[in-house]
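In this text the structure is predicted, and so the values were computed from the model without any measurement. Letters go in sequence order (proteins before strands), and every chain restarts at 1.
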Protein chains: 2
Amino acid sequence: MAKGRYHHGDLRSALLDAAETLVRERGADDWSLREASARVGVSPSAAYHHFASRDALVRALSERTLAWLGKRLGQECERVAGQADDPQRRLIALGRGYVTWALDDPAMARLVLRGGATGPDSAISPHPHDVLSAELDRLAEAGGLPAFTRPGAEFVLWAAIHGLAVLLADGLVRIDDAAAVDAQTERVVRAALNGLARETSPAADRPAARSAHTERLARRATGEPH
Amino acid sequence: MAKGRYHHGDLRSALLDAAETLVRERGADDWSLREASARVGVSPSAAYHHFASRDALVRALSERTLAWLGKRLGQECERVAGQADDPQRRLIALGRGYVTWALDDPAMARLVLRGGATGPDSAISPHPHDVLSAELDRLAEAGGLPAFTRPGAEFVLWAAIHGLAVLLADGLVRIDDAAAVDAQTERVVRAALNGLARETSPAADRPAARSAHTERLARRATGEPH
DNA sequence: CTCCAATCTGAACACTGTTGAGATAGTGGC
DNA sequence: GCCACTATCTCAACAGTGTTCAGATTGGAG
């Protein structure tokens, strides 16, 4: 909006939007800051008043999309909850949302799930990882998962879902039929959940795995430096 | 070798080597064809007699590394077979090899596992996916997996292992201790295998998933055009 | 109305991938 | 031994990139 004016109005999000459509048109990496600026009708250097670098642009875009995805995954869980409140069904819906998105928007998925991009002070909320974690809590509370199995279980499930998503987005695995994608996703989630439920020993040294995202949150809460 | 000469000798693999160390030094993408050429002591345009483009270089590097990884994973399986020939142990060893590599060489892992890079006529042998598939066959034959579960099971396991590997390589999940990485990997593989073993119904429409790699092989066997 | 700080422009920098015309040197035929 | 041939490499150039910085333009606060 506000065409022809010297001051754009909301250049920051306009640039994010332009970058997003460029990613979809040309692929995750085949576009330039200059192109995005030109589409918005602004000089290349204007972007540097809103982003420290091209990398910062893609980071911001990545974070925006990740937050959007987190919200959508939560909604997806709620949607199936209306039919029958089965915590396992909710997790399957979550996985389906994750994978379906990666397949429907593969270029953006490659950009976002590549992940190294998310900055050190990003406040992605809700982060997909957190949504998944919460759903697993719900499953554990409902008795669908032995208590001693819960710690770190999110990484098992996340690995399975994330793995399928990137295999599809990167074109390493191909599934034509959308229904087959859902079936495959359900199979992966079910296998992971069942596998977790059948775990026998509490395994003395349980995974000291930490999500980079929750680490960031903790660091900010304690006021630690960058 | 053969310094100062006009003709290099084996420029092709020298460029691949230079690119590989550049990837490790600076990250998967932060290096240029010109730099690699300069390190080898050759003009930038010389590279174009061996690779059609910079992209073709990284594709070739990717394929070389993937084949190396496939071989190593096979060896890893054999190594544990010496101790006790348990097909499940072999698969855990395979997963461990995959994940450990991704963590020990994260920049290369990001380059390779990103995967879109592997060309349409790449002859990666043995491809990690094939090694995994063979090991699953072995498990099924040994009775560790119901027969009706076998079809497509490789994608469940691959997703889990690949997922963990990329989560770690991309820094989305952090695990400091190397032993903890092994523990987490074992947990993921075990969960997937157990989950598969407990599958109940043969699921009418089983995943029509196909690996891009095996598709390429099939296409070449039938002599189809690119 | 004036001044300020935020915002944007224009021109420049070093660098990139890629191309094409020509130099160089190993190879096989006589 | 010499010749031509072809693969290999160099040099110079092109368009396009991310990034910087001095200066023009503006909306808003005092």
Side-chain angles (χ1 to χ4, degrees), chain A residues 1-62 107 110-111 114 116-117 119, chain B residues 1-63 107 110-111 114 116-119:
Chain A
M1 20 209 100
K3 295 202 174 189
R5 308 255 226 98
Y6 196 96
H7 284 40
H8 181 278
D10 191 4
L11 183 54
R12 195 191 134 90
S13 50
L15 282 171
L16 287 174
D17 293 343
E20 184 165 352
T21 77
L22 273 171
V23 166
R24 295 218 176 87
E25 286 179 18
R26 294 242 249 306
D29 297 313
D30 280 12
W31 55 277
S32 61
L33 222 208
R34 294 176 106 107
E35 270 180 289
S37 305
R39 288 210 176 181
V40 177
V42 105
S43 97
S45 38
Y48 287 84
H49 290 263
H50 301 273
F51 303 100
S53 63
R54 194 204 116 117
D55 232 59
L57 208 204
V58 341
R59 235 171 331 186
L61 179 56
S62 197
R110 269 194 291 274
L111 190 84
R114 166 121 80 250
Chain B
M1 12 223 109
K3 295 203 174 189
R5 308 257 225 95
Y6 197 96
H7 283 43
H8 181 278
D10 190 4
L11 184 54
R12 197 191 133 90
S13 48
L15 282 171
L16 287 174
D17 293 343
E20 185 165 352
T21 77
L22 273 170
V23 166
R24 295 217 176 89
E25 286 179 17
R26 293 242 249 307
D29 297 314
D30 280 14
W31 56 276
S32 61
L33 221 208
R34 293 175 107 109
E35 271 179 290
S37 306
R39 288 211 176 180
V40 178
V42 105
S43 98
S45 40
Y48 286 83
H49 291 262
H50 300 272
F51 303 100
S53 64
R54 194 204 116 116
D55 232 57
L57 208 205
V58 342
R59 236 172 331 188
L61 178 56
S62 197
E63 288 163 15
R110 271 194 289 275
L111 189 86
R114 164 123 78 251
T118 53

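Rounded to whole Å, atom C1' of D/dT8 lies 12 Å from atom CG of B/Leu15. Between B/Leu33 atom CG and D/dT17 atom P the separation is 18 Å, expressed in whole Å. Per the geometry, CG belonging to B/Leu22 stands 11 Å off P belonging to C/dT16, to the nearest Å. Separating the CG atom of B/Asp29 from the C1' atom of D/dG18 is a distance of 15 Å, rounded to the nearest angstrom. The OH-P distance, from A/Tyr48 to D/dC21, rounds to 12 Å in whole Å. Put simply, CG on B/Asp10 is 16 Å from C1' on C/dG26, counting in whole angstrom units. In this structure, the CZ atom of A/Arg12 is 12 Å from the P atom of C/dT7, given to the nearest Å. One atom, CG of B/Leu57, and another, C1' of C/dT18, lie 14 Å apart when rounded to the nearest Å.
Nucleotides of DNA chain C nearest to B/Trp31 and A/His49 differ in position, and the one nearer the 5' end is that of A/His49.
Here B/Thr21 pairs with nothing under the side chain to side chain donor-acceptor pair (under 3.5 Å) rule; sequence neighbours left out. For A/Asp17, the side chain to side chain donor-acceptor pair (under 3.5 Å) partners two or more places apart in sequence, or in a different chain, are A/Arg64. For B/Ser13, the side chain to side chain donor-acceptor pair (under 3.5 Å) criterion is met by B/Asp10, not counting sequence neighbours. The side chain to side chain donor-acceptor pair (under 3.5 Å) check on A/Ser37 picks up nothing, with sequence neighbours excluded. Taking A/Phe51 as the reference, A/Arg12, A/Leu15, A/Leu16, A/Ala56, A/Leu57, A/Ala60 meet the side chain to side chain contact (heavy atoms under 4.5 Å, CB included) condition, with sequence neighbours excluded.
Residue B/His50 has no polar side-chain atom (N or O) positioned under 4.0 Å from OP1 or OP2 of D/dA7.
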Which atom pairs link the protein and nucleotides 10-15 of chain C when you take only N or O atoms and keep those under 3.5 Å?
{"unit_1": "C/dG10", "atom_1": "O6", "unit_2": "A/Ser45", "atom_2": "OG", "d": "2.5"}

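Geometrically, A/Arg39 does not engage A/Trp31 in a cation-pi contact defined by less than 6.0 Å to the ring centre and at most 45° from the axis.
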